[in-house]
Every structure is written in C-alpha cells, then in structure tokens.
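Just below is one structure, and these are the notes that go with it.
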Amino acid sequence: VQLQASGGGLVQAGGSLRLSCEASGRTFLSYAMGWFRQAPGKEREFVASISWSGGSTTYRDSVKGRFTISRDNAKNTVYLQMNSLKAEDTAVYYCAARHTWGPPRQYEYDYWGQGTEVTVSS
C-alpha cells in the first residue's frame, strides 16, 4: 500500500490543523493505521493509532485531549485532527500502516508515507 500524507503547514500556538493520509489500493480496511512525528534533532515518536474498524485508538500522553485520530474506510483515508497546538508539536508527521493491532512499536509498521511538515509558532 502507498500512503500520501497532507495537511501540514504553519499555524500559531493554540490553533488547529487536520492532517490526512490517503492510502492506495483496495485493502485499506485490513490495516491498522498510525501517526508518528519527528522533530528537528530528535528521534521519530509515536503520536496516535487506530484499529481497522476505528473502534480502538491509542495516543501518546502529551497529545491526549488535543489530538483525535479517525479514519474513513470508504475514502481510504486516516485523519489526525490537532487542536490547541503547541510549539513542541512542531515536527514532520508521518502516517504508517500495519497488519496487526498492538503496542505502537514503529518496527511493526509495514508501510510509511512521505511525511507532512507542521510548524507551530509561539
């Protein structure tokens, strides 16, 4: 599967952005999806994940209550709604797909998108 992330940009602290990740192919429903991010000079980290049906989600603690992951299987798309953005959310955001559902270990994700850059100005 190929993943195409979009929706990044420059936003002021406290603002909102919605990232999208569109998957190619007809097997989107068979993948659990995740969002990761990598800030300048830092390692890539988990942000949020969602199960095949959308019935289960997980978040890193620092984004709980501010970010929401969702998916539209009819559109082969996963979203990340980001509210109350902070300067520390600045990063390149990547979407990823995996066949299994479990702890958000990066090595368990089989496919990765190219990333979309989010810059939050303080």
Side-chain angles (χ1 to χ4, degrees):
V1 63
Q2 292 185 324
L3 305 174
Q4 181 72 39
S6 62
L10 174 64
V11 63
Q12 288 188 334
S16 298
L17 280 175
R18 188 176 80 156
L19 306 183
S20 300
C21 175
E22 185 173 0
S24 64
R26 296 174 289 179
T27 59
F28 181 68
L29 187 60
S30 66
Y31 295 99
M33 301 296 296
W35 286 98
F36 293 78
R37 68 186 181 187
Q38 185 168 20
K42 296 187 177 181
E43 293 189 352
R44 190 166 57 189
E45 63 184 17
F46 167 76
V47 176
S49 60
I50 189 166
S51 61
W52 307 277
S53 67
S56 296
T57 57
T58 58
Y59 298 90
R60 72 177 297 107
D61 287 345
S62 63
V63 307
K64 286 180 181 178
R66 300 189 298 122
F67 290 11
T68 302
I69 189 171
S70 62
R71 65 190 294 162
D72 185 337
N73 289 334
K75 296 182 178 180
N76 284 9
T77 301
V78 62
Y79 304 98
L80 185 67
Q81 178 67 45
M82 306 186 295
N83 299 328
S84 303
L85 282 161
K86 305 175 181 180
E88 51 263 42
D89 295 319
T90 294
V92 177
Y93 284 71
Y94 299 89
C95 61
R98 60 186 286 184
H99 289 287
T100 57
W101 176 248
R105 302 185 185 98
Q106 294 190 42
Y107 63 82
E108 298 209 29
Y109 283 82
D110 304 294
Y111 305 98
W112 292 82
Q114 86 290 359
T116 185
E117 188 168 4
V118 172
T119 303
V120 183
S121 63
S122 57

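All of these numbers come straight from a predicted model, not from anything done at the bench.
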| task | Might you confirm whether atom CD of Gln38 has over 12 heavy atoms from other residues, nucleotides or ligands at distances under 6.0 Å? | result | yes

| task | Over all heavy atoms of both residues, which pair between Ser30 and Thr27 is shortest? Give the atoms and the distance, please. | result | OG-O, 2.6 Å

| request: Any chance you could measure Asn76, atom CG, to Gln2, atom CD, to the nearest 0.5 Å? | output: 12.5 Å

| said: According to a hydrophobic-cluster definition based on side-chain heavy atoms being under 4.5 Å apart (Ile, Leu, Val, Met, Phe, Trp, Tyr only), do Val1 and Trp35 belong together? | reply: yes

| field | Side chain proximity check, Val78 to Ser70, heavy atoms < 4.5 angstrom | value | no

| When the ring planes of Phe46 and Phe36 are compared, do they come out parallel, tilted or perpendicular, using 30° and 60° as the limits? | perpendicular

| request: Would you confirm whether Thr116, through its side chain, and Ala5, through its main-chain N or O, come within 3.5 Å as a donor-acceptor pair? | output: no

| said: Quick check against the 3.5 Å criterion: does Ser51 have a side-chain atom that pairs as donor or acceptor with the backbone of Ala32? | reply: no

| note | All heavy atoms of Ala97 vs all of Leu3, minimum pair found to be N-CD1, 3.8 Å

| message | Quiz question: by atom type and distance under 3.5 Å, do the side chains of Ser6 and Ser20 form a donor-acceptor pair? | response | no

| When you check the gap from the basic side-chain N to the acidic O, do Asp89 and Lys86 get nearer than 4.0 Å? | no

| CZ-CZ distance between Arg44 and Arg37, expressed to the nearest 0.5 angstrom | 13.5 Å

| CZ/Phe28 to SG/Cys21 distance, rounded to the nearest 0.5 angstrom? | 7.0 Å

| note | Between Trp52 and His99, the two heavy atoms sitting closest are CZ2-O, 3.2 Å

| What closest approach, in Å, do Leu19 and Tyr93 show between heavy atoms, and which atom pair accounts for it? | CD1-CB, 3.5 Å

| query | Transitively linked via ILVMFWY side-chain contacts under 4.5 Å: Val63 with Met82? | reply | yes

| message | Count I, L, V, M, F, W, Y as connected when their side-chain heavy atoms are under 4.5 Å apart, and connections chain through other members. Are Val47 and Val120 then in the same cluster? | response | yes

| remark: Closest non-hydrogen contact found for Gly34 with Tyr109 is N-CE2, 3.7 Å

| remark: d(Lys64 NZ, Thr57 OG1) to nearest 0.5 Å is 9.5 Å

| query | Quick check: does any side chain N or O of Arg71 sit under 3.5 Å from a backbone N or O of Asn73, one acting as donor and the other as acceptor? | reply | no

| request: Drop me the distance from Lys42's NZ to Glu88's CD, to the nearest 0.5 angstrom. | output: 8.5 Å

| request: Answer yes if Tyr111 and Tyr94 sit in the same cluster of Ile, Leu, Val, Met, Phe, Trp and Tyr residues linked by side chain heavy atoms under 4.5 Å apart, and no otherwise. | output: no

| message | Is it the case that the side chain of Tyr31 and the backbone of Asp110 share a donor-acceptor pair, with hydrogens and angles ignored and the cut-off at 3.5 Å? | response | no

| note | Nearest heavy-atom contact between Val118 and Gly8 is CG2-CA, 4.1 Å

| message | Working to the nearest 0.5 angstrom, can you tell me the gap between Leu85 CG and Phe67 CZ? | response | 5.0 Å

